[in-house]
2 protein chains.
Amino acid sequence: MVSSLRSLDENLISHIPPFRKLERSDIREILDATTPKRFSAGQAIFEEDEPAERFYLLLDGHVRVVRTTAAGDQVIARHIVSGELMGIASAIGRTTYPASAVAIDDCLVLSWPTSLWATFVEKYDGFASETYKTVGKRLSEANNHILELATQQVEQRVARALLRLALQSSRNTDEGMEIDFPLTRQNISEMTGTTLYTVSRLLSAWEKKGIVTSGRKKVVVTHLGKLKSLADVDPTYEG
Amino acid sequence: MVSSLRSLDENLISHIPPFRKLERSDIREILDATTPKRFSAGQAIFEEDEPAERFYLLLDGHVRVVRTTAAGDQVIARHIVSGELMGIASAIGRTTYPASAVAIDDCLVLSWPTSLWATFVEKYDGFASETYKTVGKRLSEANNHILELATQQVEQRVARALLRLALQSSRNTDEGMEIDFPLTRQNISEMTGTTLYTVSRLLSAWEKKGIVTSGRKKVVVTHLGKLKSLADVDPTYEG
């Protein structure tokens with residue numbers, strides 16, 4: 001964690017792919033142009049459909065990317081973990097944010113005015129190509145999500161959503177792989193296009209079989225192999 | 001249409017966004033580097049997971065972008081209409097095609113070796129930014145598709161899929177807006193994650209209400225306003 005927002009060290013971002021190829025002096029320049037900010041759990045970092053005035057880098061914490069339908073239903077499009085860019089509307093030719101970003105826990109965020117985007121792309125070697133890889137990865141994930149929603153049964157979809165989180169964002173505890181941010185049953189239903197009732201029914205059944213345990217905002221995968229089998233993925237699947 | 005594949009005229013591509021800002025000499029250079037090819041209905045232009053050796057521009061015809069699940073289910077990710085790039089794995093940091101592209105009707109396609117991608121991005125003004133807009137548009141579409149699959153009832157999803165096709169790729173006939181490529185009930189089920197039975201049931205019901213008519217590979221929207229209302233979109237919605 002960062003002790004002072006005033007003295008951002010180059011090491012904070014020098015390992016992150018879009019900045020990895022840069023000289024220390026470039027990184028210094030980038031850090032000097034940023035406005036670091038903390039957000040607490042539940043706060044919106046930016047909102048769907050608002051003008052994309054800044055782009056962001058999540059330095060610490062977890063962020064939920066949320067879209068809301070005209071009817072008011074929420075869908076969680078993806079989770080952002082530390083080291084990822086977000087709100088990069090310019091990379092996809094948009095001038096507004098396509099979704100809202102909400103802090104799940106305490107977050108530390110760097111951001112730059114969108115007017116600097118073209119400068120970053122032109123001036124900083126590797127920034128553009130890494131960014132487009134990020135966009136490509138999100139497009140692939142979105143297409144996988146479509147495939148799952150269109151062809152899989154509810155049980156398989158929920159299993160796969162939990163499996164992906166366990167592999168991407170968990171810590172090992174005595175109980176098993178604990179997803180390392182607050183996650184409610186409502187959140188799981190918003191990730192999988194499922195009712196809260198179905199999520200509760202599945203988690204209870206899986207708990208009896210020793211596959212997961214769950215609390216109010218906590219999910220622990222206690223048997224990864226069985227969860228993979230419910231998700232109908234290869235035992236070697238890594239997310 | 002093109003009378004001879006040997007003498008590609010600059011006008012063929014000079015109006016297409018990624019090439020719109022270019023000088024005639026640049027366009028000549030680009031055309032001289034291409035291998036034009038015809039595909040007939042049902043032929044694969046490229047296949048999911050194969051090395052992305054070339055990238056493509058659809059000059060004439062319609063293409064279905066298809067993914068197949070491990071269980072063998074097919075999902076139609078999107079349709080490509082003339083003037084669109086496809087197989088642009090490099091733009092999303094991939095080395096294999098994320099999906100297969102299948103000709104729906106007779107197609108005329110230009111293609112270039114993927115090794116030229118970096119040259120195009122560097123050398124041709126506006127090519128990169130237009131391409132990334134395309135990727136961004138596809139990401140937005142994919143995210144909308146997720147929202148629909150996760151929150152909408154089957155009737156609304158099927159209505160919205162037909163509505164989108166009618167607005168994007170149809171011709172006006174005496175009957176109404178005829179989707180201008182062969183479209184079966186099976187295709188509609190693969191676009192919407194619905195069973196063939198449900199699609200048939202819905203189309204029959206809508207036919208009785210005067211909203212669509214359909215034949216074996218043909219769908220005509222006969223009452224756009226009612227279809228918009230089934231799709232639960234604003235009357236001014238344009239796709």
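Letters A, B, ... mirror the listed sequences (proteins, then strands); counts begin at 1.
Chain B is approached within less than 4.5 Å, heavy atom to heavy atom, by A:G193 from residues 181-201 of chain A, ordered by number. Chain A is approached within less than 4.5 Å, heavy atom to heavy atom, by B:Y132, B:K133 from residues 120-134 of chain B, ordered by number.
For the pair B:G136 and A:I92, the tightest heavy-atom approach, listed with the atom from each and the gap, is CA-CB, 3.3 Å.
Using a 4.5 Å heavy-atom threshold, the side chains of B:N144 and A:R67 count as touching. At least one side-chain heavy atom of A:N143 sits less than 4.5 Å from a side-chain heavy atom of B:R78.
Taking chain B as the reference chain and counting heavy-atom pairs below 4.5 Å, the highest number among A:K137, A:H145, A:R138 is found for A:H145. The candidate with the highest count of non-hydrogen atom pairs below 4.5 Å against chain A, out of B:T151, B:D232, B:V233, is B:T151. The candidate with the highest count of non-hydrogen atom pairs below 4.5 Å against chain B, out of A:I146, A:T69, A:T68, is A:I146.
Counting heavy atoms of neighbouring residues, nucleotides and ligands inside a 6.0 Å radius, atom CD of A:E29 exceeds 12 of them.
Just one residue in the list B:L149, B:L147, B:V75 forms a side-chain contact (heavy atoms from CB on, under 4.5 Å) with A:L149, and that residue is B:L149.
A:D234 does not touch chain B: none of its heavy atoms, backbone or side chain, sits under 4.5 Å away.
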